[in-house]
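Shown next, in structure tokens, is the structure this report addresses.
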Amino acid sequence: MADFRMDADWLCYDPAPSKPTYAPPPGAVDAHCHVFGPGDVFPYASERKYTPCDAGKEQLFALRDFLGFERNVIVQATCHGADNRALVDALRAAGDRARGIATVRDTVTDEELTDLHDAGVRGVRFNFVRRLVDPKPDAYYRTIIERIAPLGWQVVIYFEAADLEERWDFFTSLPTTVVVDHMGRPDVAKPVDGPEFGRFIRLMTEHENVVSKVSCPERLSRSGPPNYDDVIPFARTLVERFPDRVLWGTDWPHPNMTNHMPDDGALVDIIPRIAPTEELRQKLLVDNPMRLYWR
């Protein structure tokens with residue numbers, strides 16, 4: 001049995017979040033969350049760049065119900081590398097109440113892809129954040145895209161705002177639905193109408209296959225909890241300009257947080273501030289994720 005000890009400075013998720021004041025609409029989807037292990041059942045990858053606390057499917061599903069959501073989109077965690085067993089286990093346990101985003105290598109077999117699809121996987125994630133992974137050449141990712149194309153999967157990309165210009169040609173050439181994690185991690189100390197976030201707005205304006213998650217204020221904010229006021233204008237801009245191409249998620253259990261651990265109930269209460277009408281909230285939390293993952 002593997003013995004995994006979490007990193008000494010690791011911040012574990014809040015075991016007792018507040019009950020949100022805002023009640024999500026029926027059918028609401030938490031479209032970005034993870035499962036970690038438990039490591040003695042689903043070992044963490046040898047190439048991982050962090051060792052987290054265990055945060056399994058039972059805790060995730062309990063949080064889902066507590067916050068008032070009905071479904072999850074579970075994203076493969078980088079600490080598990082391309083070993084998707086913990087993800088698949090959670091998807092099978094959830095039945096039709098969860099879908100998944102996997103991490104695969106270019107050597108993945110058709111049989112493995114079919115098994116992932118049958119479990120509920122509907123996309124792959126490409127991570128370009130260098131402190132978390134070692135990015136590969138573009139050709140590596142294109143090989144994977146060719147393999148998943150027959151399944152109709154999407155591509156999820158995670159990058160820093162400063163990387164968008166460098167990778168523009170690659171990102172804009174992707175033939176699938178492209179889902180961007182956490183608004184491309186904008187620097188919220190810069191103007192929402194400035195050139196850096198303007199480049200991201202241009203990406204979504206010119207490429208209708210691009211969808212953005214308006215998630216993770218706790219990662220982006222400099223003003224801090226519980227309101228994360230400096231992030232609100234960025235998320236609200238995307239929700240109002242691209243109401244049919246935005247998603248929201250908790251990012252539970254909030255990997256690699258270094259300065260605080262967010263209250264998941266407080267994160268839910270931010271939703272009406274970034275989606276100020278019932279119509280926008282219905283699209284953000286129900287219509288868009290259902291169209292992307294449950295079709």
Side-chain angles (χ1 to χ4, degrees), residues 25 27-32 71 73 75 99-102 117 121-129 138 141-186 191-216 220 231-249 271 274-295:
V29 180
D30 175 354
H32 188 97
R71 294 178 173 87
V73 179
V75 178
R99 292 289 187 264
I101 302 297
H117 188 86
V121 169
R122 294 296 181 267
V124 294
R125 191 189 200 202
F126 298 154
N127 192 326
F128 299 94
V129 179
D138 291 354
Y141 302 112
R142 293 194 189 281
T143 297
I144 294 173
I145 292 169
E146 291 174 1
R147 301 293 307 286
I148 68 171
L151 296 168
W153 288 6
Q154 63 181 232
V155 169
V156 177
I157 53 176
Y158 187 29
F159 60 88
E160 307 273 6
D163 298 328
L164 180 54
E165 183 175 14
E166 174 189 347
R167 296 194 177 271
W168 181 273
D169 290 344
F170 175 66
F171 291 162
T172 58
S173 71
L174 298 178
T176 65
T177 296
V178 177
V179 178
V180 179
D181 281 343
H182 320 324
M183 303 184 286
R185 292 188 60 94
V192 68
D193 57 354
E196 185 175 90
F197 197 58
R199 183 177 292 115
F200 188 74
I201 294 289
R202 179 186 158 209
L203 176 71
M204 293 198 67
T205 300
E206 296 180 358
H207 301 276
E208 295 186 356
N209 63 319
V210 177
V211 175
S212 178
K213 294 174 187 171
V214 289
S215 48
C216 286
L220 306 174
V231 182
I232 302 302
F234 292 82
R236 182 164 173 166
T237 294
L238 295 181
V239 170
E240 293 183 333
R241 291 191 62 164
F242 310 101
D244 298 311
R245 292 192 280 136
V246 284
L247 300 167
W248 184 90
I271 293 171
I274 65 174
T277 69
E278 288 186 11
E279 179 182 7
L280 288 173
R281 294 191 288 271
Q282 175 71 22
K283 290 184 174 186
L284 176 67
L285 300 175
V286 183
D287 296 350
N288 297 345
M290 291 300 293
R291 184 181 67 253
L292 285 167
Y293 298 104
W294 274 268
R295 52 184 172 82

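Everything numeric here is computed off the predicted structure, so don't read it as measured data.
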Could you give me the CA-CA distance, side-chain angles and deciding distance for Val155 and Tyr141, then say whether side chain to side chain contact (heavy atoms under 4.5 Å, CB included) is met?
-> CA-CA 10 Å; Val155 169; Tyr141 302 112; over 6 Å; no
Check the pair Leu203, Trp168 against side chain to side chain contact (heavy atoms under 4.5 Å, CB included), reporting the backbone distance first and the verdict last.
-> CA-CA 8 Å; Leu203 176 71; Trp168 181 273; 3.8 Å; yes
Under 3.5 Å: donor-acceptor pair, side chain of Arg125, backbone of Val75 | no
Main-chain N/O of Ala275 paired with Arg281 side-chain donor or acceptor, under 3.5 Å | yes
On a heavy-atom basis, the closest approach of Pro191 and Phe197 is O-CB, 4.4 Å
I would like to know whether Arg167 and Phe159 meet side chain to side chain contact (heavy atoms under 4.5 Å, CB included); could you show each step before the answer?
-> CA-CA 9 Å; Arg167 296 194 177 271; Phe159 60 88; 5.7 Å; no
Residue pair Tyr293 / Gln154, side-chain heavy-atom distance below 4.5 Å | yes
Would you check if Met183 and Val214 make a side-chain contact, meaning some heavy-atom pair closer than 4.5 Å?
-> yes
Could you state the interatomic distance from CG (Asp244) to CG (Leu284), rounded to the nearest 0.5 Å?
-> 11.0 Å
So do the side chains of Leu164 and Phe171 get within less than 4.5 Å of each other, counting heavy atoms only?
-> yes
Only one of Asn127, Val178, Val124 forms a side chain to side chain contact (heavy atoms under 4.5 Å, CB included) with Ile157, so which one is it?
-> Val178
Where do Val246 and Asn288 come nearest, in terms of heavy atoms and distance?
-> O-ND2, 3.0 Å
For the student: nearest non-hydrogen atoms of Leu247 and Ala31, plus distance = CB-CB, 4.1 Å
Would you please name every residue forming a side chain to side chain contact (heavy atoms under 4.5 Å, CB included) with Thr143, sequence neighbours left out?
-> Asp106
If you take all heavy atoms of Leu174 and Asn209, which pair is closest and at what distance?
-> O-ND2, 3.3 Å
Could you tell me whether the side chain of His117 reaches within less than 4.5 Å of the side chain of Arg122, counting heavy atoms only?
-> yes
Given side chain to side chain contact (heavy atoms under 4.5 Å, CB included), test Arg142 with Ser173 step by step and report yes or no.
-> CA-CA 10 Å; Arg142 293 194 189 281; Ser173 71; 2.9 Å; yes
Residues at least two apart in sequence or cross-chain that pass ring-ring contact (aromatic ring centres under 6.0 Å, His included) with Phe242, listed by chain then number, are none
What distance do Ile271 atom CD1 and Leu280 atom CG have between them, rounded to the nearest 0.5 Å?
-> 12.5 Å
Which heavy atom of Glu196 sits nearest a heavy atom of Ala161, and at what distance?
-> OE1-CB, 3.6 Å
Check Leu220 against Ser215 and note the closest heavy-atom contact, atom names and distance.
-> CD1-O, 4.3 Å
Within residues 197-214 or reaching into it, pairs that qualify as salt bridge (charged side-chain N to carboxylate O under 4.0 Å, His left out) - sequence neighbours excluded = Glu165-Arg199, Asp181-Lys213, Arg202-Glu206
So, do Met204 and Ser212 sit near enough that their side-chain heavy atoms are less than 4.5 Å apart?
-> yes
Is there side-chain contact between Trp294 and Val29, with heavy atoms separated by less than 4.5 Å?
-> yes
Side chain to side chain contact (heavy atoms under 4.5 Å, CB included) filter on Arg147, not counting sequence neighbours, yields Val108, Asp110, Leu113
Phe126 side chain near Ile144 side chain, heavy-atom distance below 4.5 Å | yes
Applying side chain to side chain contact (heavy atoms under 4.5 Å, CB included), name anything that partners Glu279, two or more places apart in sequence or on another chain.
-> Thr277, Lys283
Distance from Phe200 atom CZ to Leu238 atom CG, nearest 0.5 Å?
-> 6.0 Å
Are Arg236 and Val192 side-chain neighbours, meaning at least one heavy-atom pair lies under 4.5 Å?
-> no
With sequence neighbours left out, what residues match Pro25 under side chain to side chain contact (heavy atoms under 4.5 Å, CB included)?
-> Tyr22, Ala28, Gln282, Leu285, Val286
